[in-house]
*Asks:* 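This is the structure I have questions about; it appears just below.
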Amino acid sequence: MKLLAPSILSADFWILGEQIKACVEGGADIIHFDVMDGHFVPNITFGPVLLESIKKHCPLPLDAHLMIENPDRYIPDFIKAGADMVSVHVENTPHLHRTLELIKNMGAKAGVVINPGTPLSLLEEALHYVDFVLLMSVNPGFGGQKFIQRSLQRLKKLRAMVDAVNPSILIEIDGGIKEDNILEVARAGADIMVVGSGLFGAQDVKAQTTKLKNLILSSEAL
Ligand code: DX5
Ligand code: ZN
């Protein structure tokens, strides 16, 4: 079952609740929550307080993508606030095993994230203790960037690496995914498609969610 995860980074925050509701009604599966600290990435977004208030109203699992320095310091706060999935970057998590165990021990799904310029071989060991891998298809920090085409080759290679260890590990892909490439990305082996500007940039967020979800589902019919 392939899943659609709207990234609220590109939402209209004036009407955030309405927009998340439109995603839920349109058939989204997960809400993707981009946490940036202005250090690991050159942008600042939001923290556990916002996640906690979304959790009170949103029936979908919340996926916290942590683009922050010293993620261990904040992981408990995000999980207590209601994060169901938490991912940390391989590039800035020195004690990856300990960090992923912390996430799992607190009851959330643990993921490792990898940037476009980082060799996939760095994931080799982590695949033995993650629930999901998040493959970045843009450099993290901003919504609305162009999909890096080489990500498709990396996705296929990652799929093979994952399947050799544990085929139940989910692969999530994030960055530059739109209605014109989502089908290709799903067919190349991703399980969870994150979409920000390609969803919230539409006039009708609910209709766009349904359109993207149907494209994803059509990839499974083949
Ligand atoms: C980038 C974030 C993404 C971003 C995706 O650092 O991790 O989740 O919101 O936005 P789009 O789909 O517009 O590339
Ligand atoms: Zn993200």
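Counting starts at 1 for both ligands and their atoms, following the listed order.
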*Asks:* Any idea which heavy atoms bring Asp37 and Glu69 closest together, and the distance?
*Replies:* OD2-N, 2.7 Å
*Asks:* Side-chain contact, heavy-atom cut-off 4.5 Å: Ile8 with Ile54?
*Replies:* yes
*Asks:* Do the charged groups of Lys213 and Asp29 touch, with an N to O distance under 4.0 Å?
*Replies:* yes
*Asks:* Can you tell me which residues line ligand 1 if we count any heavy atom under 4.0 angstrom from one of its atoms, in chain and number order?
*Replies:* Ser7, Leu9, His32, Asp34, Met36, His65, Met67, Met136, Pro140, Gly141, Phe142, Gly143, Gly144, Asp174, Gly175, Gly176, Val194, Val195, Gly196, Ser197
*Asks:* Please work out whether the ring planes of Phe46 and Phe33 are parallel, tilted or perpendicular, with thresholds of 30° and 60°.
*Replies:* tilted
*Asks:* With 2.8 Å as the threshold, which protein atoms of type N, O or S lie near the Zn ion (ligand 2)? Leave waters out.
*Replies:* His32 NE2, Asp34 OD1, His65 ND1, Asp174 OD2
*Asks:* Does Asn139 offer a backbone N or O that forms a donor-acceptor pair with the side chain of Gln145 under 3.5 Å?
*Replies:* yes
*Asks:* Is there a path of hydrophobic side-chain contacts, each under 4.5 Å between heavy atoms of I, L, V, M, F, W or Y residues, that connects Met36 with Tyr74?
*Replies:* no
*Asks:* Do Ile173 and Val113 sit in the same hydrophobic cluster, where Ile, Leu, Val, Met, Phe, Trp and Tyr count as joined when their side-chain heavy atoms come under 4.5 Å apart?
*Replies:* no
*Asks:* Any Lys/Arg nitrogen of Glu101 or Lys104 sitting under 4.0 Å from an Asp/Glu carboxylate oxygen of the other?
*Replies:* yes
*Asks:* Within the distance-only criterion (no hydrogens, no angle test), does the side chain of Thr210 pair as donor or acceptor with the backbone N or O of Lys206 below 3.5 angstrom?
*Replies:* yes
